[in-house]
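One structure below.
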Amino acid sequence: MGANESLQSRPSTVEHGTTRFGRWLRARRIRITLWIAVLEGIIVALAHDLSRWTVIAIAVPVLALYLFWGRNAHSHTARQVFWIAGASQALAVVVVILAFILSWLALLLAGIFAAIALLFLFSDRG
């Protein structure tokens with residue numbers, strides 16, 4: 001048995017204070033964030049102007065919660081959930097701002113986010 005094989009057979013270390021679900025979320029948080037942004041982008045592109053303001057109205061308190069509480073939450077799982085929520089809302093606000101400028105751009109951005117999310121999905125081996 002070579003040195004490289006013995007390193008691979010060792011159990012991986014677990015970061016102190018984390019949970020299984022929190023680690024699962026962390027490993028997939030970019031994908032989850034992109035899919036949420038895709039859904040919101042499609043809604044923004046297809047719905048009336050009211051939905052754009054609704055996305056902004058939802059994003060402001062969610063981002064504030066992440067900034068003032070979520071980043072420093074004692075629970076690893078809570079930090080991951082708030083990161084996902086904050087990042088997805090930040091992307092949704094970008095889509096909304098661009099949708100105000102050019103409505104077709106929101107659909108284009110949703111398509112780009114979907115393509116990136118699908119790339120992550122299909123490149124996942126586990």
Side-chain angles (χ1 to χ4, degrees):
M1 181 183 264
N4 206 14
E5 291 175 336
S6 66
L7 288 176
Q8 290 177 351
S9 64
R10 289 184 188 170
S12 60
T13 59
V14 175
E15 186 179 339
H16 177 70
T18 64
T19 63
R20 175 178 278 180
F21 185 61
R23 290 187 302 273
W24 184 88
L25 281 174
R26 182 172 175 86
R28 291 159 181 83
R29 68 185 185 175
I30 292 175
R31 288 179 220 151
I32 296 167
T33 298
L34 286 170
W35 282 115
I36 293 170
V38 165
L39 292 174
E40 288 190 51
I42 291 170
I43 291 168
V44 165
L46 299 178
H48 299 289
D49 288 341
L50 180 60
S51 68
R52 293 176 184 173
W53 290 109
T54 305
V55 169
I56 292 171
I58 292 169
V60 169
V62 170
L63 286 167
L65 276 171
Y66 169 71
L67 289 173
F68 296 112
W69 185 76
R71 290 187 314 168
N72 302 316
H74 294 291
S75 166
H76 181 255
T77 302
R79 280 194 309 273
Q80 300 311 312
V81 168
F82 278 103
W83 188 95
I84 291 167
S88 65
Q89 293 311 300
L91 285 175
V93 168
V94 167
V95 170
V96 165
I97 290 169
L98 293 174
F100 277 123
I101 299 167
L102 298 168
S103 61
W104 60 267
L105 198 54
L107 276 177
L108 178 65
L109 236 96
I112 291 170
F113 291 161
I116 294 169
L118 285 171
L119 180 68
F120 278 117
L121 181 69
F122 290 130
S123 67
D124 189 15
R125 297 175 191 217

Which atom pairs, one a donor and one an acceptor, fall under 3.5 Å between side chains of residues 83-90 and the rest of the protein, sequence neighbours left out?
| unit_1 | atom_1 | unit_2 | atom_2 | d |
| --- | --- | --- | --- | --- |
| S88 | OG | I84 | O | 3.0 |
| S88 | OG | A85 | O | 3.0 |
| Q89 | NE2 | E40 | OE2 | 2.6 |

Under a single-linkage definition using a 4.5 Å side-chain heavy-atom cutoff for Ile, Leu, Val, Met, Phe, Trp and Tyr, are V94 and I32 assigned to the same hydrophobic cluster?
yes
Please go through V93's hydrophobic cluster and name the other residues, only I, L, V, M, F, W, Y counting, with side-chain heavy atoms under 4.5 Å joining them.
I97
Transitive ILVMFWY cluster of L119, excluding itself - 4.5 Å side-chain cut-off:
none
Does Y66 form a side chain to side chain contact (heavy atoms under 4.5 Å, CB included) with V81? I'd like the steps, not just the answer.
CA-CA 9 Å; Y66 169 71; V81 168; over 6 Å; no
With rounding to the nearest 0.5 Å, note down the distance linking CZ in R23 to CZ in R20.
7.0 Å
Nearest 0.5 angstrom please: W53 CH2 to I58 CD1, how far?
14.0 Å
Least distance between heavy atoms, R71 atom then R79 atom
O-CD, 3.5 Å
Nearest heavy-atom neighbours spanning A110 and V38
O-CG2, 3.5 Å
Quick one: pull up CD in Q80 and CZ in F21 and give me the separation to the nearest 0.5 Å.
10.0 Å
Single-linkage hydrophobic cluster, 4.5 Å side-chain cutoff, I116 and I36 together
yes
Measure the spacing between CG of L34 and CG of L39 and express it to the nearest 0.5 Å.
11.0 Å
Quick one: closest heavy-atom pair of W69 and A78, and the distance?
CH2-CB, 4.3 Å
Approximate separation, where rounding is to 0.5 Å, of F82 CZ and L63 CG
11.5 Å
Value rounded to 0.5 Å, distance of CZ in F113 from CG in L91
4.5 Å
